[in-house]
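Read through the structure below, which is laid out as structure tokens, and then see the notes.
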Amino acid sequence: MKLSFSRMLFFLLGYILCFSNIASFNNHFVDAETLQNFTLFDMEKQLKVGDEHAAKIIKTTHGDTYECMDFYKQPAFDHLTMRDHLLHYKISSLNNSRTRKINDKNFGFIWENGVGCTIGTIPIQRVTKDKLLRLNSYSNKFKPHGSWNFTYNQYIVHSDQHHYAVARTKRGEKKSYTGASMVISVHDPEVRYPQFSSARMHFQIGDDFIQVGWTAGKNECYNSMCPAGIILVRSDIPLGVLRGPPGVRGSKQVSYDTYGLLKDKVNGNWWLEFGGIQIGFWPANRFQQSLANSIEWGGEVYSASLPGPRMGNGYFPLLDPYYDAHVCNITTVDENFNIDRMVKNIETFSDNNRSYKVNEDLDSGLPVGHIIYFGGPGKM
């Protein structure tokens, strides 16, 4: 799967209620998902990558351990499609001291050393063999999904499944996309192992997809936990970093993250932006088609044969951004790279209105564009 990014998409940063920051809590910054089953050989190879190539070990202020890996030796370059393209993806800014100072100023507070990794290396989270084995055993269940396989409300609810409360581009419309973005509120829904609860943007590219956002739960299949294939370009922004503090319901101090995906006009790569900064990209040759078919924004949970977990902030929406989990400033970018900031061609969908709901407000009166409210207490 891939992802592409370009500066032209992401000027929505800093809009009134919508701003971004990185801190920490029980929410993890998500990159994307393209899942394949691991073999034992694949696991051993992934576990050895850090030992062979790590420049040093560093920790976040919340105690998570990362290995500083040489840019060209990061796991994404092990893919067969990348072996003849290493020099093509040289990132000149890695050796730019001016950029380094900006990096430290923006994201140094994440790290115990106040800096992050050294220039020319990128942070890769350390993964234990036990966790990789556990995820492989349940990979199909933990794998994130889009909601398009569902067209109705499920009144007969299975105990081991995914549930959605999202706004999505309308089914059947023959539109193609080269990008999308959102600003999303940050919360800390309660989950039980092995459940997860996420708030994300799902970007479908043929049979492949990218998801970006945050997730709560320790069994999610994102970032270093499953092979996502993103090529990271920042030495100070890690994937999977703890987020927070989460928003407090009814408070005017709402915490937000800003995400963007955009296809590069020149080489077709798919770029990820977080908080207005390019984090990494998925090479174009990882995807079977060049344009996205559909996009959705909102919540997804995995129940794992337990009472359904909370979604968003755990409450049904009241259509109030101070009380609800929500997405604002959504945009889409069409095949000609034209940006749509109103995004009227969407429908709301929840597969179980008894547990999770979603509403939209196209004309809220606030300067944040189209707002999508979602969430629920779960427990079916």
Side-chain angles (χ1 to χ4, degrees), residues 9-30 61-62 105-110 165-167 180-191 197-201 212-217 237 241-260 273-277 297-301 309-331 341-343 346 348 350 355-378:
L9 175 61
F10 311 104
F11 16 75
L12 54 93
L13 307 178
Y15 234 144
I16 187 164
L17 294 175
C18 307
F19 59 89
S20 62
N21 52 47
I22 288 189
S24 108
F25 210 77
N26 201 19
N27 311 83
H28 287 76
F29 167 34
V30 173
T61 54
H62 296 89
K105 180 179 179 181
N106 288 346
F107 296 100
F109 63 86
I110 296 173
V166 299
S181 66
M182 69 173 180
V183 176
I184 192 165
S185 58
V186 178
H187 304 279
D188 182 33
E190 181 180 351
V191 298
S197 179
S198 66
R200 81 291 191 273
M201 176 169 67
V212 296
W214 56 259
T215 183
I237 306 178
V241 68
L242 287 170
R243 281 289 299 116
V248 177
R249 190 168 187 261
S251 169
K252 293 189 176 182
Q253 295 182 345
V254 185
S255 181
Y256 291 95
D257 283 341
T258 304
Y259 298 90
E273 182 179 86
F274 176 68
I277 295 177
W297 302 262
E300 175 185 356
V301 301
R310 295 179 180 180
M311 177 189 291
N313 63 2
Y315 293 88
F316 290 131
L318 300 175
L319 277 69
D320 186 329
Y322 296 123
Y323 284 84
D324 301 337
H326 60 281
V327 181
C328 60
N329 269 338
I330 65 172
T331 69
R341 295 182 179 83
M342 293 304 295
V343 195
I346 65 174
T348 56
S350 171
S355 301
Y356 311 108
K357 295 183 178 181
V358 58
N359 302 94
E360 62 174 329
D361 190 349
L362 188 59
D363 187 19
S364 66
L366 299 171
V368 293
H370 200 153
I371 302 180
I372 301 161
Y373 301 97
F374 66 95

request  = Look up atom CZ in Arg341 and atom NE2 in His370, then write down how far apart they are to the nearest 0.5 Å.
outcome  = 15.5 Å
query = With a distance cut-off below 6.0 Å to the six-membered ring centre and an angular limit of 45° from the axis, does Arg249 pair with Tyr315 as a cation-pi contact?
reply = yes
message = Quick check against the 3.5 Å criterion: does Trp214 have a side-chain atom that pairs as donor or acceptor with the backbone of Ser185?
response = yes
query = How many angstroms lie between CD1 in Ile237 and CD1 in Ile110, if you round to the nearest 0.5 Å?
reply = 6.5 Å
Nearest heavy-atom neighbours spanning Asp324 and Leu319 = OD2-N, 2.6 Å
remark   = Tyr259 and Phe274 have their tightest heavy-atom pair at CE2-CD1, 3.5 Å
remark   = So CG of Asn313 and OG of Ser197: to nearest 0.5 Å the spacing works out to 10.0 Å
ask   = Which pair of non-hydrogen atoms, one from Ile372 and one from Ala167, has the smallest distance, and what is that distance?
value = CD1-CB, 3.5 Å
task = Starting at OH of Tyr323, measure out to CG of Leu318 and round the result to the nearest 0.5 Å.
result = 8.5 Å
key: Side chain proximity check, Val166 to Glu300, heavy atoms < 4.5 angstrom   = no
key: Val254 side chain reached by Tyr322 side chain, heavy atoms, under 4.5 Å   = yes
task = Using modelled atom types only, decide if a donor and an acceptor are shared between the side chain of Thr258 and the backbone of Val183 within a distance under 3.5 Å.
result = no
query = Can you name the nearest heavy-atom pair linking Lys357 to Ala165, along with the distance?
reply = O-CB, 3.6 Å
query = Nearest heavy-atom pair of Val191 and Pro309: which atoms, and what distance?
reply = CG1-CB, 3.9 Å
query = In Å and rounded to the nearest 0.5 Å, what is the CG to OG distance from Asn329 to Ser181?
reply = 7.5 Å
ask   = Side-chain contact, heavy-atom cut-off 4.5 Å: Thr61 with Phe109?
value = no
inquiry  = Would Tyr373 and Val327 count as a side-chain contact (heavy atoms from CB on, under 4.5 Å) here? Give the steps.
reply    = CA-CA 7 Å; Tyr373 301 97; Val327 181; over 6 Å; no
task = State whether the side chain of Ser198 and the backbone N or O of Arg200 hold a donor-acceptor pair below 3.5 Å, judged by distance alone.
result = no
key: Trp297 side chain reached by Ile184 side chain, heavy atoms, under 4.5 Å   = no
ask   = Atom OG of Ser355 and atom CZ of Arg310: how far apart are they, to the nearest 0.5 Å?
value = 13.0 Å
key: Minimum heavy-atom distance between Ala325 and Gly312, given as atom pair plus value   = CB-CA, 3.6 Å
Sole candidate of Leu362, Thr331, Ile330 that passes side-chain contact (heavy atoms from CB on, under 4.5 Å) when paired with Met342 = Leu362
query = So, Ser255 side chain and Gly247 main chain: donor-acceptor pair closer than 3.5 Å or not?
reply = no
ask   = Should His326 and Tyr256 count as side-chain neighbours, where that means a heavy-atom distance under 4.5 Å?
value = yes
request  = Measure the shortest side-chain to side-chain distance between Phe374 and Thr348 over non-hydrogen atoms and say whether it is less than 4.5 angstrom.
outcome  = no
